[in-house]
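Notes for the one structure printed next.
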Amino acid sequence: MVTLIVATTIDPASIGPASALLAMPGWHPGPPIQDVPSFVNRDVRLLKHDSSIVREDHLDMRWEETTGETVDEVIFLSKHTAASNRPALTVHPIGVPHLTEGDQLPVGGKPAWAAPPNPRIGPWFRLLKSIADSQNLTPEFEVTLEATHHGPVTNAPTMFVEIGSTEEYWKRQDAAQAIALLVWEGLGLGGGDAVGDWSRNCFQQKILLGIGGGHYVPRHMDIVRKDGVWVGHLIAGYSLPMEDPGPSKSQANLEVGGTWKQAIRVAFDTTRAAFPQGEVLAHLDNKSFKGWQRNAIVGFLAEQNIKVGKPSDFC
């Protein structure tokens, strides 16, 4: 079982951390896959391609077909963009579970799909905050989770680690070094224990499935900041399309259209797959929903036998 790290040469916030990581001890060239060079260090494989980071699908399967090695997880290094242009270091799962056949896919993926969320997301978010603090990157850089979004398509548990939010910050060497150190320490390449290894912690643990809120999922993130919290998909309100039923919204057992049910089901199923023997609990950002939306979601969760957790359930 190997960890696959993916970087692209066309993104300074991707190749910068990759280059900093490759400057650390123990790396040697590995086999190319379809002219994409690779590098090997213990049970970690790093790929450097020349394409869009969200468009190069099935890299985990392609590695397995080329080498015979099973990919246990995928970690993408990428830039982050935001309207605020605020400097940020972010971590998030990927997918577009609310989209359907015929919908546009401007940032990759495929309809009704989400990759299993990498179990390291919560522990690495906390580790990244610790590294950023120790390297004096905060408060200039905000360390944050993001909601589940974009591609590329993978089958193995996946996460993105990003530097934002403008070219000035994408090229920052200190930010690149912090991300490289996150990967180095997080995967135990320096000889210490890896961080966020679910297989060592899987018994009777609860996992947060975030439902609702904005892109930076503040109410879910407040819980994930606490030590020991595991997190799966984080489905923002924009990935829960719900058709306003109009005057009938006060009716009991109201049927609300839209692809929100699909998004929740896909997010739950892939989170459960990523955390074998864990208990996935939905955590709702209640304040982000109107009453009829919240009632519809809670009713659907009950129908699907998906339990709802309170903040205290995860700590």
Nearest-0.5 Å distance, [atom1] of residue [X] to [atom2] of residue [Y]:
X: D269; Y: I264; atom1: CG; atom2: CD1; value: 11.5 Å
X: I207; Y: L281; atom1: CD1; atom2: CG; value: 7.5 Å
X: T270; Y: R265; atom1: OG1; atom2: CZ; value: 10.0 Å
X: M159; Y: E146; atom1: CE; atom2: CD; value: 11.5 Å
X: L209; Y: I235; atom1: CG; atom2: CD1; value: 7.0 Å
X: S288; Y: R294; atom1: OG; atom2: CZ; value: 9.0 Å

Taking all atoms of both residues into account, what is the closest heavy-atom pair of [X] and [Y], and its distance?
X: P152; Y: I94; result: O-CD1, 3.2 Å
X: Y238; Y: A147; result: OH-CB, 3.9 Å
X: T90; Y: L128; result: N-CD2, 4.5 Å
X: S52; Y: I10; result: N-CD1, 3.8 Å
X: P117; Y: P157; result: O-CB, 4.0 Å
X: A132; Y: L89; result: CB-CD1, 4.0 Å

Are [X] and [Y] close enough that some pair of their side-chain heavy atoms sits under 4.5 Å apart?
X: T148; Y: S239; value: no
X: L59; Y: H49; value: yes
X: R62; Y: E56; value: yes
X: K48; Y: F39; value: yes
X: F275; Y: Q205; value: no
X: D313; Y: H283; value: no
X: P111; Y: L105; value: yes
X: F314; Y: V224; value: no

query = Please walk me through it: do R45 and T67 pass side chain to side chain contact (heavy atoms under 4.5 Å, CB included)?
reply = CA-CA 11 Å; R45 312 291 182 258; T67 67; over 6 Å; no
ring-ring contact (aromatic ring centres under 6.0 Å, His included) involving W170 - partner list, sequence neighbours excluded = none
task = Applying ring-ring contact (aromatic ring centres under 6.0 Å, His included), name anything that partners W230, two or more places apart in sequence or on another chain.
result = W198
task = Would you please test F268 and I211 for side chain to side chain contact (heavy atoms under 4.5 Å, CB included) and show each step?
result = CA-CA 10 Å; F268 176 80; I211 298 177; over 6 Å; no
query = Going through the distances and angles, do V280 and I306 end up as a side chain to side chain contact (heavy atoms under 4.5 Å, CB included)?
reply = CA-CA 8 Å; V280 179; I306 299 173; 5.8 Å; no
Give the cluster check for [X] versus [Y]: same hydrophobic cluster or not, with ILVMFWY residues linked at side-chain heavy-atom distances below 4.5 Å.
X: I121; Y: V71; value: no
X: M24; Y: L187; value: yes
X: V308; Y: V231; value: no
X: L234; Y: V229; value: yes
X: V6; Y: V161; value: no

Looking only at atom types and distance, does a side-chain atom of [X] sit under 3.5 Å from a main-chain N or O of [Y], one as donor and one as acceptor?
X: S134; Y: I131; result: yes
X: D60; Y: N155; result: yes
X: W63; Y: E69; result: no
X: Q262; Y: T259; result: no
X: S38; Y: P31; result: yes

Under the salt bridge (charged side-chain N to carboxylate O under 4.0 Å, His left out) test, residues paired with E168 that sit two or more places apart = none
ask   = Considering residues at least two apart in sequence or located in another chain, which fulfil the salt bridge (charged side-chain N to carboxylate O under 4.0 Å, His left out) criterion with E167?
value = K171
Show me the pairs that pass salt bridge (Lys or Arg N to Asp or Glu O under 4.0 Å) and involve [range], at least two apart or across chains.
range: residues 77-88; answer: R86-E142
range: residues 33-44; answer: none
range: residues 131-141; answer: K129-D133, E140-R172
range: residues 212-224; answer: R219-D285, D222-R225

request  = Just grab all the ring-ring contact (aromatic ring centres under 6.0 Å, His included) pairs involving residues 134-167, residues at least two apart or on different chains.
outcome  = F76-F160, H92-H149, H92-H150, H92-F160, F141-Y169, H149-H215, H150-F160
ask   = Between the side chains of T271 and H233, is a donor N or O closer than 3.5 angstrom to an acceptor N or O?
value = no
ask   = Taking only residues two or more places apart in sequence or in another chain, which ones pass side-chain hydrogen bond (donor to acceptor under 3.5 Å, both in side chains) with S14?
value = none
task = Please identify each residue that fulfils side-chain hydrogen bond (donor to acceptor under 3.5 Å, both in side chains) with E64, with sequence neighbours left out.
result = none
remark   = Partner of N118 under side-chain contact (heavy atoms from CB on, under 4.5 Å), picked from V74, T158, I75, D72, is I75
inquiry  = Suppose the criterion is side chain to side chain donor-acceptor pair (under 3.5 Å): which pairs have a residue in residues 19-29, not counting sequence neighbours?
reply    = none
task = Show your working on side chain to side chain contact (heavy atoms under 4.5 Å, CB included) between H220 and L208 and close with a plain yes or no.
result = CA-CA 8 Å; H220 308 311; L208 185 149; 4.2 Å; yes
